[in-house]
Amino acid sequence: GLEETICTLRLRENIGDPSRADIYTEEAGRISTANSHTLPVLRWLQLSAERGALYSDALYVPHWNLNAHSVVYALRGRAEVQVVDNFGQTVFDDELREGQLLTIPQNFAVVKRARNEGFEWVSFKTNENAMVSPLAGRTSAIRALPEEVLANALQIPREDARRLKFNRQESTLVRSRPSSSRSSR
Amino acid sequence: QQPRFGECKLKRLVALEPSNRIEAEAGVIESWDPNNQQFQCAGVAVVRRTIEPNGLLLPQYSNAPQLLYIVKGRGITGVLFPGCPETFEESQQGQSRIRPSLRSASFQRDRHQKIRHFREGDVIAFPAGVAHWCYNDGDTPVVAVALMDTTNNANQLDQNPRNFYLAGNPDDEFRPQGQQEYEQHRRQQQHQQRHGEPGQQQRGSGNNVFSGFDADFLADAFNVDTETARRLQSENDHRRSIVRVEGRQLQVIRPRWSREEQEREERKERERERESESERRQSRRGGRDDN
């Protein structure tokens, strides 16, 4: 029965095709994922992959990888990337350019912002169903907190807590403010 | 990853007291040294937290799954599963009850993920990487012992227990205090060297995950002004990981008992106490037969 099962296993899944995107924001970019649901052989390998494209000045909101390390290979363009550890220390704060590889350990928080020419990448993740937990936006941990927990935790008025919770309606990819309105670093 | 029981060349086992103690604004965090051979052998780390009434343990996630036992007290906890809907919603009526000053229809009503009640004797499971918070809504301190299974398959980092805070400026619960003060001082120096004088800085010097990002990034991500975004970094917050909720009790959306249900529950509680008392008496009488 091997020829009916193992030998004919589906080993390929195209995640580069924009029309196959799993997450798409018209102004900001797209993300496609291959995991053990879309490509069952990945259950054996216990790996998955994410292919992303950020348009000019777009932002992949701060997030952490819940159950996997992530090794990011830059395919095209440039992005400002920051990675933060459990002590709140910035362990990476640099530009990621085409051809470069960056390892983001499990649970470390990361944010990416594309430069003018946009940014494309592929991430290899060390779990067959790698999951991401966003820190901002509609599906974020901050949004899931009661307003008053946030207000007390940050010592801010409830109005500010509400703004932090609800001002961003997108879930993952967002359009960044024009660079002229951002304070210089 | 270290194989489980890989460091078990133990000649003698010892009962251990916590070796590190941190006093927070509304509680105490005591931890056992995770580098102790016994814990290395078992691949676990243990921490005991005491949360005073009206104390809030700040939202956090860790690199290993945790099992928490409530030694005493009662409270509520929120577990923030990514992508799950906010199923607890404030009604228009509730909104005006909680916040009479904010009755304008244009205001967004609050909603958040499920809240769970806990009391003495409960075990609570927190999956690795899933953020959670706890609040003591009782009259007595909550004492909770948490075990982190650092060699669990869910943890792909090293065996060090790591807590990632989403707010506040907490200390590392598993590092001795002297070492923490030294490292904090060193970090502040590095920070000032990199970013100039305090006040001009973009990035926070706190310890939560937001403090490592530029405030600009956060302002973009949350669609708020830079000043509000900077509050996420909790730079000058000295309350540590358990903070006191100001004034009244924490107002969150949660189902409450009706009067009948409350009475029924109290009756059941009294019956349970009577039963366990009679079990204790019986076991004292039959103690000799025990092996």
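Protein chains get the first letters and strands the later ones, always in sequence-line order, with residue 1 at the start of each.
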- Message: Could you walk me through whether Phe81(B) and Met131(A) satisfy the side-chain contact (heavy atoms from CB on, under 4.5 Å) test, starting with their C-alpha distance in whole Å, then the side-chain angles of each, then the deciding distance to 0.1 Å, before giving a yes or no?
- Response: CA-CA 11 Å; Phe81(B) 288 101; Met131(A) 286 191 269; over 6 Å; no
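Going from atom CZ of Phe87(A) over to atom CZ of Phe164(B) covers 9.0 Å, rounded to the nearest 0.5 Å. Note that CZ of Arg143(A) and CZ of Phe222(B) are 11.5 Å apart. Values are rounded to the nearest 0.5 Å. Rounded to the nearest 0.5 Å, atoms OG (Ser133(A)) and CG (Leu80(B)) are 8.0 Å apart.
Side-chain contact between Arg231(B) and Gln155(A) is present, with at least one heavy-atom pair separated by less than 4.5 Å. Inter-residue side-chain proximity for Glu147(A) and His112(B) is flagged as unmet; no heavy-atom pair is nearer than 4.5 Å. Looking at heavy atoms from C-beta onward, Glu80(A) lies in side-chain contact with Phe217(B) at the 4.5 angstrom threshold. Using a 4.5 Å cut-off on side-chain heavy atoms (C-beta onward), Phe88(B) and Pro146(A) make no contact. Inter-residue side-chain proximity for Phe166(A) and Arg111(B) is flagged as met; some heavy-atom pair is nearer than 4.5 Å.
Using a 4.0 Å cut-off between charged nitrogen and carboxylate oxygen, Arg113(A) and Asp216(B) do not count as a salt-bridge pair. Residues Glu148(A) and Arg248(B) are paired through a salt bridge, judged by an N-O separation under 4.0 Å between the basic side chain and the carboxylate.
With chain B as partner, the option from Val91(A), Leu66(A), Asn67(A) having the largest number of non-hydrogen pairs under 4.5 angstrom is Leu66(A). The candidate from Val83(A), Val149(A), Leu59(A) with the greatest count of non-hydrogen atom pairs under 4.5 Å with chain B is Val149(A). Per-residue counts of heavy-atom pairs under 4.5 Å with chain B were compared for Thr139(A), Val84(A), Val132(A), Asp85(A); the largest is that of Val84(A). Across Val245(B), Thr228(B), Leu58(B), the residue that shares the most heavy-atom pairs under 4.5 angstrom with chain A is Val245(B). Heavy-atom pairs under 4.5 Å with chain B peak, among Asn65(A), Val110(A), Ile156(A), Leu145(A), at Leu145(A). For the options Asn208(B), Leu250(B), Val243(B), heavy-atom pairs under 4.5 Å to chain A are most numerous at Leu250(B). Annotation: maximal heavy-atom pairing with chain B below 4.5 Å, among Val174(A), Thr126(A), Asp160(A), occurs at Thr126(A).
The heavy-atom pair separating Phe213(B) from Pro62(A) by the smallest distance is CE1-CB, 3.8 Å. Shortest non-hydrogen contact noted between Ser62(B) and Asn107(A) is O-ND2, 3.7 Å. When every heavy atom of Val209(B) is checked against every heavy atom of Ala109(A), the shortest pair comes out as CB-CB, 4.1 Å. In this structure, Gln82(A) and Asp214(B) approach most closely via the heavy-atom pair OE1-N, 2.9 Å. When all heavy atoms of Glu86(B) and Arg138(A) are compared, the pair lying nearest together is OE2-O, 4.0 Å. The two residues Leu166(B) and Trp64(A) make their nearest non-hydrogen contact at CD2-CZ3, 4.1 Å.
Interface remark: Ile142(A) contributes side-chain atoms only to the contact with chain B (heavy atom separation under 4.5 Å). With a threshold of 4.5 angstrom between heavy atoms, Tyr60(A) does not approach chain B through any atom at all. At a 4.5 Å heavy-atom cutoff, the contact between Tyr61(B) and chain A is made by side-chain atoms alone. Heavy atoms closer than 4.5 Å to chain A are found in the side chain of Leu218(B), but not in its backbone. Interface residue Gln249(B): only backbone heavy atoms are found under 4.5 Å from chain A. Contact annotation for Leu154(A): both backbone and side-chain heavy atoms come within less than 4.5 Å of a heavy atom of chain B.
Formation of a donor-acceptor pair under 3.5 Å by the Asn152(A) side chain with backbone atoms of Leu56(B) is not found in this model. With hydrogens and angles ignored, the 3.5 Å screen pairs a side-chain donor or acceptor of Arg239(B) with a backbone N or O of Ala153(A). Without hydrogens or angle criteria, Lys165(A) side chain to Asp110(B) main chain gives no donor-acceptor distance under 3.5 Å. Remark: side-chain polar atoms of Asn223(B) are paired, donor with acceptor, to backbone N or O of Asn167(A) under 3.5 angstrom. Checking side-chain atoms of Gln106(A) against main-chain N and O of Gln156(B) turns up a donor-acceptor pair under 3.5 Å. With hydrogens and angles disregarded, a donor-acceptor distance shorter than 3.5 Å links the side chain of Arg168(A) to the backbone of Ala221(B).
Heavy atoms of other residues, nucleotides or ligands lying less than 6.0 angstrom from CD of Glu27(A) number 12 at most. A 6.0 Å sphere centred on CZ of Arg12(A) holds no more than 12 heavy atoms belonging to other residues, nucleotides or ligands. For Glu26(A), the CD atom sits in a loose shell: 12 or fewer heavy atoms of surrounding residues, nucleotides or ligands are nearer than 6.0 Å. Atom CD of Gln46(A) sits in a sparse spot, with 12 or fewer heavy atoms from other residues, nucleotides or ligands closer than 6.0 Å.
Taking the side-chain contact (heavy atoms from CB on, under 4.5 Å) definition, one finds that Ala151(A) meets it with Arg158(A), Ala161(A), sequence neighbours left out.
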